[in-house]
Protein chains: 2
Amino acid sequence: MKEPRIHAPPVGVAVDVAVFTVREGRLEVLLLRMTRPPFEGKWCLPGGRIRHDETVEAAAERELVEKTGLSGLWLEQLYTFSDPARDPQARCVSVAHLALVPPDVSLRTDDKYSAIGWFPAERPPSLAFDHRAILSYAVKRLRAKLEYTNVAYALLPEQFTLGELQRAYEAILGRALDTRNFQRKVRAIDLVEETGELRTGQAHRPGRLFRFRVRRPVEIAVLT
Amino acid sequence: MKEPRIHAPPVGVAVDVAVFTVREGRLEVLLLRMTRPPFEGKWCLPGGRIRHDETVEAAAERELVEKTGLSGLWLEQLYTFSDPARDPQARCVSVAHLALVPPDVSLRTDDKYSAIGWFPAERPPSLAFDHRAILSYAVKRLRAKLEYTNVAYALLPEQFTLGELQRAYEAILGRALDTRNFQRKVRAIDLVEETGELRTGQAHRPGRLFRFRVRRPVEIAVLT
DNA sequence: GCAAAAGTGTTGTCGGTACACCCATGC
DNA sequence: GCATGGGTGTACCGACAACACTTTTGC
């Protein structure tokens, strides 16, 4: 009934972030290579301990800046993973986060971290800790949010064609969509607006360029 | 860039639980009265620190048993609240949980806690910490889950009439539903099955009694 | 017999899905 | 001129919302 150990060592609080992007029609996640035991050589999601004067969301943003150079991206809290065995070295819960970036960002690869890179979100390499479970959960949540919010704005560049938007949706949802229905629906709910410009340079007929009408998180019904 | 304080005091991990029930057509939440400063006399959600050998969900269940006598209820993790100022006494993040009980459970009121009771979830008394925000978030999530899952089974007794089920839905959603459409939909998706008995004793025509077909969390479409 | 809750059917509308063709450009 | 992705219109179908009356019991 009473606490068994009065002065037990503290339970730590960390954050981890699953950062996604869509490139070449594929959903990809950002991973770092670990350099120290016990997970030497394995890959992991960026993250770290939180500080006293910040929320977990702020910690997630700070860790991303420090470890990857990414800033100002779309980010939200996901779930707290707390299996006592999740970290073999220290008792530590992890508040997992989901983040999205457009495909044209550049990573800072110069510093102490041995390697950093984008990997297929559906078939990642072997991951440290419980990061495989975190990644699976993040993909699931992203799929769900895509259906009833406008989060896609955080995954695409400022301007894009409807074909590019559709391919981003297809990459995340993992299934093909009907172009005619997709375009009609996207326009019906005023998700995007024309910029007046055309995508030239590629072969074939140039597509009209669009931008998102609102570039902050909003609930909006699209696509069952 | 580097950690400012190498040996900063640890950030604690606690859990809090918003326990709901529906009684007399109203959504109610379980609150405890605090006995110690700085929130003496205010009410709070049940909760406490986690231990080293348990997940946050297990900690939530354990705290509920210790503080309220409730056990074996429906429970899920909600969100982690981490404002550095949320607890004026100790730096501590709280992993909030949502729990549901049927209206006929009894609370243990005998021990050290000065008071415990059910309050209207929409108009609670003055709450300690950030528990008002946690409660609001929990109500929002409960409403959402009611729409696409069968969680209502955790709020109703073993047997109930369709009228009672509808009133529970109306209490949580905060709006009236059409009886004919409600009954048709509930039966169409095989949410419930007849027990063959009737609700007698009240005045007026007795209703048939039903039970939920499955009494574990399942996704099922009901009610826009 | 009357008050009150239980229970049942039909119709119109809207949104979703399925589907085929013409258009504009680069090569 | 042809291959390729861009872009548009229609028809069917199912789900949902709106709506009124009969039934059964306790008092």
Side-chain angles (χ1 to χ4, degrees), chain A residues 22-26 143-144 146-148 152 156-157 159-171 173-211 219-224, chain B residues 22 24-26 144 146-149 156-157 159-171 173-211 219-224:
Chain A
V22 176
R23 296 191 319 171
E24 298 160 16
R26 206 171 57 171
R143 283 203 178 119
L146 203 61
E147 305 263 16
Y148 65 95
L156 289 158
Q159 299 198 351
F160 51 86
T161 66
L162 293 186
E164 289 160 4
L165 178 64
Q166 183 181 344
R167 282 189 290 277
Y169 267 80
E170 289 176 332
L173 297 178
R175 60 190 162 93
L177 301 174
D178 183 290
T179 304
R180 303 163 286 220
N181 294 334
F182 182 79
Q183 293 199 6
R184 179 152 23 89
K185 212 181 250 174
V186 161
R187 303 175 95 133
I189 63 175
D190 283 337
L191 185 63
V192 296
E193 62 191 6
E194 291 192 40
T195 66
E197 299 173 65
L198 296 176
R199 169 79 75 206
T200 54
Q202 291 86 315
H204 319 311
R205 173 174 174 175
R208 294 184 236 174
L209 288 172
F210 291 79
R211 70 168 70 90
E219 294 212 355
I220 278 181
V222 206
L223 317 164
T224 72
Chain B
V22 176
E24 296 160 17
R26 204 169 59 169
L146 202 63
E147 305 264 15
Y148 66 93
T149 73
L156 288 158
Q159 299 197 352
F160 50 87
T161 66
L162 292 185
E164 289 161 3
L165 178 64
Q166 182 179 345
R167 282 188 291 277
Y169 267 81
E170 290 176 333
L173 296 177
R175 61 191 161 92
L177 301 173
D178 183 288
T179 304
R180 302 164 286 219
N181 294 335
F182 182 80
Q183 293 199 7
R184 178 153 19 92
K185 215 182 249 173
V186 161
R187 303 175 94 134
I189 64 175
D190 282 336
L191 185 63
V192 297
E193 61 190 8
E194 292 193 41
T195 67
E197 297 174 64
L198 295 176
R199 168 80 76 206
T200 54
Q202 290 86 317
H204 319 309
R205 174 173 175 175
R208 294 185 234 174
L209 288 172
F210 291 79
R211 70 168 70 90
E219 294 211 355
I220 277 181
V222 207
L223 316 165
T224 74

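Residue numbers begin at 1 in each chain, while the letters A, B, ... track the order of the sequences. Worth knowing before you read on, the calculation uses all heavy atoms, side chains too, and leaves out hydrogens, waters and symmetry mates.
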Give a yes or no on whether a donor-acceptor pair under 3.5 Å exists between the nucleobase atoms of C:dT25, that is its base, and the side chain of A:His204.
-> no
In whole angstroms, how far is the C1' atom of C:dG16 from the CD atom of A:Gln183?
-> 17 Å
For DNA chain D, find the residues of residues 159-171 of chain A with a heavy-atom distance under 4.0 Å and give them by number; none if there aren't any.
-> A:Gly163
Contacts of type ring pair (Phe, Tyr, Trp, His ring centres under 6.0 Å), residue A:Phe182, not counting sequence neighbours = A:Tyr169
Please list, chain by chain and in numerical order, all residues satisfying salt bridge (Lys or Arg N to Asp or Glu O under 4.0 Å) with A:Arg211, sequence neighbours excluded.
-> A:Glu158, A:Glu193
Taking all non-hydrogen atoms of both residues, which atom of B:Ala171 and which atom of B:Gly25 are closest, and how far apart?
-> CB-O, 3.4 Å
Do the side chains of A:Leu209 and A:Leu198 get nearer than 4.5 Å, heavy atoms only?
-> no
By salt bridge (Lys or Arg N to Asp or Glu O under 4.0 Å) - contacts of A:Arg143 (at least two apart) | A:Glu122
A:Gln166 vs A:Val186 side-chain heavy atoms within contact, under 4.5 Å | no
Tell me, please, which residues at least two apart from A:Gln159 pass side-chain hydrogen bond (donor to acceptor under 3.5 Å, both in side chains).
-> A:Glu197
Determine, for nucleotides 12-22 of chain D in 5'-to-3' order, which nucleotides have protein heavy atoms under 4.0 Å from the base (write B), from only the sugar-phosphate (write S), or from neither (write -).
-> ----SBBBB--
Which residue lies toward the 5' end of DNA chain D, A:Ala203 or A:Thr179, if each is placed at its nearest nucleotide?
-> A:Ala203
Does A:Val22 reach the side chain of A:Arg167, with side-chain heavy atoms less than 4.5 Å apart?
-> no
Terminal helix-axis angle for the helix from C:dG1-D:dC27 to C:dC27-D:dG1, with five pairs defining each axis and rounding to 10 degrees = 0°
Those residues at least two apart in sequence (or on a different chain) that pass salt bridge (Lys or Arg N to Asp or Glu O under 4.0 Å) with A:Arg199 are A:Glu164
Those residues that, when tested against B:Glu194, pass salt bridge (Lys or Arg N to Asp or Glu O under 4.0 Å) (two or more places apart) = B:Arg187, B:Arg208
Gap between atoms CG and P, on A:Leu198 and D:dG7 respectively (whole Å) | 8 Å
State whether B:Arg199 places a side-chain N or O below 4.0 Å from either non-bridging phosphate oxygen (OP1 or OP2) of C:dG7.
-> no
How many Å lie between CG on A:Leu209 and P on D:dG7, as a whole number?
-> 9 Å
Please work out if A:Gln202 contacts a base, only the sugar-phosphate, or nothing of the nucleic acid, heavy-atom cut-off 4.0 Å.
-> sugar-phosphate
side-chain hydrogen bond (donor to acceptor under 3.5 Å, both in side chains) partners for B:Arg205, two or more places apart | none
Partners of B:Ile189 by side chain to side chain contact (heavy atoms under 4.5 Å, CB included), sequence neighbours excluded?
-> B:Leu191, B:Ile220, B:Val222
Specify the residues of residues 186-197 of chain A, ordered by number, for which at least one heavy atom lies under 4.0 angstrom from an atom of DNA chain C.
-> none
What distance do B:Asp178 atom CG and B:Arg184 atom CZ have between them, rounded to the nearest 0.5 Å?
-> 8.0 Å
